[in-house]
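See below for the structure under consideration.
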Amino acid sequence: MTIVIGGAWPYANGSLHLGHVAALLPGDILARYYRQKGEKVLYVSGSDCNGTPISIRAAQENTTTEAIANHYHEEFTRCFNDLGFTYDLYTRTDAKHHHDSVQRIFLQLLANNFLYKKRIEQAYCETDKQFLPDRFVEGICPNCGAKARGDQCDNCSTILDPLDLIDKRCKICGTEPIIKGTEHFYFAFSQFQGRLETYLAEAKTENRWRDNAIGLTERYLAEGVPDRAVTRDLPNGIDVPVPGFEGKKIYVWIEAVAGYFTASIEWAKQHQIAIEDLWNEETISYYVHGKDNIPFHTVIWPAILMGIGAKALPTHIVSNEYLTLEKRKLSTSQNWAVWVPYILSRYDADSIRYFLTMNAPENRDTDFSWREFIYSHNGELLGAYGNFVNRTLKFLEKSFDSQVPHAKVDGTIQKHTIQLFNEVGIHIEAGHFKQALEAIFEYIRAANRYFDEQQPWLQVKENVEAGNQTLATCVYIIANFGQLLHPFLPFSAEKVRKMLGIDEVVWREQVDLPESINEVAPLFERLAVELIEEEYQKLVEGSR
């Protein structure tokens, strides 16, 4: 059995912001956890380097789509690495392997009679002399009245056709486009209505999807799944491999979501493994993304997999709500965002991972504020977790010459620790990462209370045996921090293991305690509260 984990593919047309990380971080937590358990894991993603957003950015900067894609793909790779993401393969949609695999999928759908040609009307800009890709058409959503793009309304999540928009405008020049005939391939999504309804019912019964994914998918299916055009007159992308369609591209609805499969095919090829050994009816898969991507993962991608006869349909949908910033909606156009390269240059990656897990928008929108970020770092990471590790190990370093007393670990704490691994594991597998980390930090707070109540600094003078047990128990707790926190806070967990000389990373109680400890160093540094106002002012000034 393989655990396949797919992180949504960010568009390579601008830097990552914290909203991206909040949506994608669960993927790395899952990958690290399952590897700790000894499971076979394949964790894939990549940069979306095809399609309209990159063309828009290239036009704005008077450069090529390739230059834009290269710049941001390299930046994304650095950022994910610095955040500790452990992708088995982080690739890109303009890679040859992706183009080849997507074309094979397209031809397979065609051979299976799920694609058909249809002459349609499409928005055409007479000023720019081109058919307009969906995102090049902007207007008013006919469903909710909000400003929307031609492919989807971010306000109500309705999937749109550019011709549905009210008061249509060309994004390039602002003029109203005309409607002109052209021929495209359509995918017969409607043929999968019944199978998708059965698929959703099974997911609900087994409680494998987030509530927002279930609610939105129910809405789409209740409205009836319409056939959709899956080729477009796009400036860059994957060529339609059919004579007579030269110059047309395979649209993102088939092309980008297929990236999970194409990346898996490429990884399997690199490791000389049959793709069927990874993607089969026993595969457990997690798809990690924001709520704006829900229909692509719960309706469109499953229908494509059904259409090509693939067995490994998505099992778990981990779809976050939105992250707001200082009580306002993130806006890249207004520069109301905390950019990932910036925050990584100034703050600990574990601090970012901690805050975005503890405040994850799992069931509702949550807010990032610099005040809460600074205070959570100082209070929880430094004050509770870092403090317990430091006070225990510094005491051993100073008073016991770095030797760990030979003593029996407190039985109640040992029993609680064993139960905690089970409890946290259940939460992680169910996609409840906030609850999992909260349980660990309750354990950390209880450890600090235990240290204070036992007063080992007095015990070692008045009752040596009791003092030895307290300190051995505290080292036992710290050793288990190094395992329990590895999926969430990998950098500090590794520091903990190094201080204790523990090499293995396992998802079970760490009972083999070291005889001595290595050099003790603080896990975290205190952040000055003055940073709160400094960062907020930078944010405000940058958005003006």
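Throughout, numbering of the chain's residues begins at 1 and tracks the sequence. In this text the structure is predicted, and so the values were computed from the model without any measurement.
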Backbone of [Y] reached by a side-chain donor or acceptor of [X] within 3.5 Å:
| X | Y | result |
| --- | --- | --- |
| E266 | H97 | no |
| T198 | G194 | yes |
| N70 | E66 | yes |
| D88 | Y43 | yes |
| H271 | W267 | yes |
| T283 | N280 | yes |
| N359 | F355 | yes |
| R353 | L83 | yes |
| S351 | Y347 | no |
| R210 | G431 | yes |

Candidates Q103, H99, K249, H98 - the one meeting side-chain hydrogen bond (donor to acceptor under 3.5 Å, both in side chains) with E255: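 The single option meeting the side-chain hydrogen bond (donor to acceptor under 3.5 Å, both in side chains) with E255 is H98.
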
Aromatic ring pairing F80/F76, orientation class (parallel under 30°, perpendicular over 60°, tilted between): perpendicular

Parallel, tilted or perpendicular: ring planes of H297 versus Y260, cut at 30 and 60 degrees: tilted

Verdict with supporting geometry, R208 and E202, salt bridge (Lys or Arg N to Asp or Glu O under 4.0 Å): CA-CA 9 Å; R208 299 190 307 242; E202 290 172 355; 5.3 Å; no

Give me the atom names and distance for the closest heavy-atom approach of [X] to [Y].
| X | Y | answer |
| --- | --- | --- |
| P295 | I159 | CB-CD1, 3.6 Å |
| D233 | H184 | OD2-NE2, 2.9 Å |
| M306 | L196 | CE-CD2, 4.0 Å |
| L330 | A337 | CD2-CA, 3.6 Å |
| S319 | A213 | OG-CB, 3.5 Å |
| P10 | G46 | CD-O, 3.3 Å |

ring-ring contact (aromatic ring centres under 6.0 Å, His included) partner of H316, the single match among W209, Y34, Y286, Y287: Y286

Option passing ring-ring contact (aromatic ring centres under 6.0 Å, His included) with F185 (candidates F245, Y251, Y116): F245

Qualifying residues under ring-ring contact (aromatic ring centres under 6.0 Å, His included), relative to H427, sequence neighbours excluded: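 Result, ring-ring contact (aromatic ring centres under 6.0 Å, His included) vs H427: none returned.
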
Is [X] salt-bridged to [Y], cutoff N-O under 4.0 Å?
| X | Y | result |
| --- | --- | --- |
| K291 | D211 | no |
| D365 | K329 | no |
| E61 | R57 | yes |
| R104 | D100 | no |
| E126 | K180 | no |
| E282 | K311 | no |
| D82 | R78 | no |
| E138 | R149 | no |

Donor-acceptor side-chain pairing of N212 and E321 below 3.5 angstrom: yes

Ring-face cation contact, F136 with K171, 6.0 Å cut, 45° max: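 No, cation not above the ring by the 6.0 Å, 45° rule.
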
Cation-pi geometry met for R232 and W253 (6.0 Å, 45°): yes

May I ask you to check whether [X] and [Y] place their ring centers less than 6.0 Å from one another?
| X | Y | result |
| --- | --- | --- |
| F296 | W301 | no |
| F114 | Y186 | no |
| W370 | F373 | yes |

Criterion side chain to side chain donor-acceptor pair (under 3.5 Å) on N236 and S55, from CA distance to verdict: CA-CA 7 Å; N236 69 307; S55 299; 2.9 Å; yes

Derivation of the side chain to side chain donor-acceptor pair (under 3.5 Å) call for Y33 and E429: CA-CA 9 Å; Y33 162 75; E429 292 181 25; 2.5 Å; yes

